[in-house]
Amino acid sequence: MALLLSIHPANPQPRLLKQAAQWLTDGGLLAIPTDSSYAVVARLDDKAAAENLRRLRGLDERHHLTLLCRDLAEIGQFARVDNQQYRLLKLATPGPFTFILEATREVPRRVSHPSRKTIGIRVPGHGVTLALLEQFGAPLLSTTLIPKGEDDALNDPDDIAARYSHELAAVIDAGACPLAPTTVIDLTSATPEVLRRGSGDPATLGLA
């Protein structure tokens with residue numbers, strides 16, 4: 001049965017963050033609030049956890065998963081970023097944007113795109129998410145929590161705990177969070193391409 005962890009949105013309790021990080025270390029999946037709806041997260045270096053994450057969402061290997069990072073410096077460890085890309089990332093982070101970038105060798109091949117060798121990267125603008133990342137001490141593999149066969153992300157922690165009682169170790173409840181997913185921008189070609197419009201406004205980054 002998925003546990004419901006109530007964490008204060010402004011002052012996250014260290015004891016509960018430590019407990020959540022331990023579940024991730026042990027291979028569990030967590031549903032967590034972000035600045036663009038709930039996401040399901042797992043350890044990056046845990047093969048079984050990554051497979052369980054894909055299975056929960058019904059995703060194949062060609063669907064881009066996303067790394068939640070603490071800051072721009074951490075992004076540079078897991079994605080190749082040139083000066084132009086860096087300037088765009090600096091404008092957009094933290095915030096509700098996901099960027100498709102070329103993965104470095106630090107990203108296991110099983111979680112990057114099989115033919116393009118790319119990965120989604122973002123720094124979320126949500127205090128509890130960032131506190132969990134800080135407690136865990138490494139990026140987390142993630143995807144928006146959208147049920148199989150549905151189009152909309154979930155944002156009610158009680159509903160999530162009930163739907164995924166056997167798939168999730170826990171659901172973090174930190175109050176209401178948005179319903180819209182991130183805006184996805186592909187930075188792997190000379191001109192940035194907006195693949196999906198969501199919470200983030202591309203115009204704030206100088207993109208049409």
Practice prompt. Go through the steps for Thr183 and Arg197 under the test side-chain hydrogen bond (donor to acceptor under 3.5 Å, both in side chains), then give the verdict.
Written response: CA-CA 5 Å; Thr183 291; Arg197 293 179 180 272; over 6 Å; no
Is there a path of hydrophobic side-chain contacts, each under 4.5 Å between heavy atoms, that joins [X] and [Y]?
{"X": "Leu72", "Y": "Ile121", "value": "yes"}
{"X": "Tyr86", "Y": "Leu67", "value": "yes"}
{"X": "Leu59", "Y": "Leu68", "value": "yes"}
{"X": "Leu101", "Y": "Leu91", "value": "yes"}

More than 12 heavy atoms of other groups within 6.0 Å of [X] [atom1]:
{"X": "Asp152", "atom1": "CG", "result": "no"}
{"X": "Lys47", "atom1": "NZ", "result": "no"}
{"X": "Gln84", "atom1": "CD", "result": "no"}

I'd like to check [X] versus [Y] (side-chain heavy atoms, cut-off strictly below 4.5 Å). Are they in contact?
{"X": "Val40", "Y": "Glu167", "value": "no"}
{"X": "Leu130", "Y": "Val123", "value": "yes"}
{"X": "Pro157", "Y": "Ile172", "value": "no"}
{"X": "Trp23", "Y": "Leu3", "value": "yes"}
{"X": "Asp156", "Y": "Tyr38", "value": "no"}
{"X": "Leu24", "Y": "Leu30", "value": "yes"}
{"X": "Leu89", "Y": "Ile75", "value": "yes"}
{"X": "Phe97", "Y": "Ser199", "value": "no"}

Spell out, as yes or no, whether a donor-acceptor pair under 3.5 Å connects the side chain of [X] to the backbone of [Y].
{"X": "Thr144", "Y": "Ile146", "result": "no"}
{"X": "Thr25", "Y": "Ala21", "result": "yes"}
{"X": "Arg122", "Y": "Gly95", "result": "yes"}
{"X": "Lys148", "Y": "Arg55", "result": "yes"}
{"X": "Ser37", "Y": "Asn155", "result": "no"}
{"X": "Thr34", "Y": "Thr129", "result": "no"}

Discussion item. Is there a side chain to side chain contact (heavy atoms under 4.5 Å, CB included) between Leu17 and Ile7? Walk through the geometry before answering.
Written reply: CA-CA 8 Å; Leu17 292 172; Ile7 294 184; 4.1 Å; yes
Regarding [X] and [Y], does a basic nitrogen lie under 4.0 Å from an acidic carboxylate oxygen?
{"X": "Arg62", "Y": "Asp60", "answer": "no"}
{"X": "Arg70", "Y": "Glu134", "answer": "yes"}
{"X": "Arg80", "Y": "Glu106", "answer": "no"}

Practice prompt. Decide side chain to side chain contact (heavy atoms under 4.5 Å, CB included) for Gln22 and Asp26; before the verdict, give the C-alpha distance in whole Å, the side-chain angles of both, and the deciding distance to 0.1 Å.
Written response: CA-CA 6 Å; Gln22 186 60 54; Asp26 294 341; 3.0 Å; yes
Spatial distance of atom [atom1] ([X]) from atom [atom2] ([Y]) [nearest 0.5 Å]:
{"X": "Thr191", "Y": "Leu187", "atom1": "OG1", "atom2": "CG", "answer": "11.0 Å"}
{"X": "Leu5", "Y": "Asp173", "atom1": "CG", "atom2": "CG", "answer": "9.5 Å"}
{"X": "Ile160", "Y": "Leu145", "atom1": "CD1", "atom2": "CG", "answer": "5.0 Å"}
{"X": "Ile100", "Y": "Ser189", "atom1": "CD1", "atom2": "OG", "answer": "11.5 Å"}
{"X": "Ile32", "Y": "Ser142", "atom1": "CD1", "atom2": "OG", "answer": "7.0 Å"}
{"X": "Thr66", "Y": "Ile119", "atom1": "OG1", "atom2": "CD1", "answer": "7.0 Å"}

Worksheet item: Going by atom types alone, do Arg196 and Thr182 pair a side-chain donor with an acceptor below 3.5 Å?
Response: yes
Fill in: side-chain hydrogen bond (donor to acceptor under 3.5 Å, both in side chains) between Ser115 and His113, worked out
CA-CA 6 Å; Ser115 59; His113 191 282; 3.3 Å; yes
What closest approach, in Å, do [X] and [Y] show between heavy atoms, and which atom pair accounts for it?
{"X": "Leu29", "Y": "Ala49", "answer": "CD2-O, 3.5 Å"}
{"X": "Gly125", "Y": "Asp35", "answer": "N-OD2, 2.9 Å"}
{"X": "Glu74", "Y": "Cys69", "answer": "OE1-CA, 3.4 Å"}
{"X": "Asp46", "Y": "Gly27", "answer": "OD2-CA, 3.4 Å"}
{"X": "Arg163", "Y": "Glu150", "answer": "NH1-OE2, 2.9 Å"}
{"X": "His126", "Y": "Ala174", "answer": "CE1-CB, 4.3 Å"}

Worksheet entry | Leu140/Leu132 under side chain to side chain contact (heavy atoms under 4.5 Å, CB included): CA gap, chis, key distance, verdict | CA-CA 10 Å; Leu140 290 173; Leu132 177 60; 4.3 Å; yes
Worksheet entry | Name of the residue among Glu102, Arg116, Gln85 meeting side-chain hydrogen bond (donor to acceptor under 3.5 Å, both in side chains) with Thr188 | Arg116
Fill in: Audit row: Thr98, Ile185, side chain to side chain contact (heavy atoms under 4.5 Å, CB included) steps and yes/no
CA-CA 6 Å; Thr98 298; Ile185 302 173; over 6 Å; no
Worksheet entry | Test side-chain contact (heavy atoms from CB on, under 4.5 Å) applied to Phe99 and Val81, Leu88, Val184, the passing residue | Leu88
